[in-house]
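All figures in this text were calculated on a predicted structure; none of them were measured in a lab.
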Amino acid sequence: MDRVTAHIAEPISGESLYQERARRALPMLVRQAESGNSIFYSDLADELGMSNPRNLNFVLGSIGRTLENLSKRWKQKIPPIQCLVLNKNTHLPGEGIGWFLIKKEDFSSLSTVRKRAIVDAELAHIYGYPRWREVLQILDLPPVNQSFAKVNEAAAGRGGGESESHRKMKEFVAVHPEVVGLPASTAGGKCEHPLPSGDKLDVSFVTKAGWIAVEVKTEISNEADIVRGLYQCVKYVAVMQAVEASENREISAQAFSAIAGKLPKNLLPLKNMLGVAVIEDVSYQ
């Protein structure tokens, strides 16, 4: 979201395409806030059926304008929920968010450390804000009430033993760190890395930048197995962060789900809600 867009985007009540998308996007962002997870531009664009994430600039600017207007009516600051939408490379919102955060400063001119501190503080306000449902209600927007109960029930069944394809995919990812965005020169990952919880990471990379786990799913993995992988990533990050804390290390843990095919479209909202990064179409044969 650039600064010009932040100034000129209109609130969500109009009939422009970006305003219609803003009305669809705001309940999704409320879902993210209530689950305590940010979302990447590309993931929100996918969920909205948008081919170009850059077109989210006006969508998010419209949401920001709407919340500012409502803040004036309520005489209470509503956190800029559009701050939840992050760039996948920088893990920061677009520069335009600064107009909603620090009116007297130029957000783009700040150091990355300062930007991150400001954004992290705002994210805490967003996650803790208790009136998001009221915001949706007064804007006449339905909340996202999609239930994954049946999907969860299917995933709760026992998975099968390791297949030959699963072993091959693990070994491929371990020697191809670029699959998870690491430099090709990164030292090879370790397969079946044990955690003190008794779990084992399919692949574990330890770099100067941090600790990365990869949960792999092959082309023979069904929907239930893919769902298990999403929840395993959530669990792994929690355990890995606990390990880092117990060893007085910087908290840096990340977990990716790498799948040989496409993530089923019906699981896209679940993936976003859980805050799990999925890498699709990994070719390992």
Applying ring pair (Phe, Tyr, Trp, His ring centres under 6.0 Å), can you list everything that pairs with F40, at least two apart in sequence or on another chain?
H91
Ion pair E215/R228, N-O distance below 4.0 Å
no
Do Q76 and R131 have side-chain N/O donor and acceptor atoms under 3.5 Å apart?
yes
Could you work out the complete set of other residues in the hydrophobic cluster of V113, with links drawn between I, L, V, M, F, W and Y side chains under 4.5 Å apart?
none
Those residues at least two apart in sequence (or on a different chain) that pass ring pair (Phe, Tyr, Trp, His ring centres under 6.0 Å) with F172 are H176
Those residues at least two apart in sequence (or on a different chain) that pass ring pair (Phe, Tyr, Trp, His ring centres under 6.0 Å) with F148 are none
Backbone of G64 reached by a side-chain donor or acceptor of E68 within 3.5 Å:
no
Applying ring pair (Phe, Tyr, Trp, His ring centres under 6.0 Å), can you list everything that pairs with H166, at least two apart in sequence or on another chain?
none
What's in the same ILVMFWY side-chain cluster as V243, cut-off under 4.5 Å, chained through other members?
L195, L201, V206, W211, Y236, V239, M240
When you measure from the side chain of N37 to the backbone N and O of M273, does any donor-acceptor pair fall under 3.5 Å?
yes
Connected via hydrophobic side-chain network under 4.5 Å: L123 and V30:
yes
Heavy-atom donor-acceptor pair, E280 side chain to I259 backbone, under 3.5 Å:
no
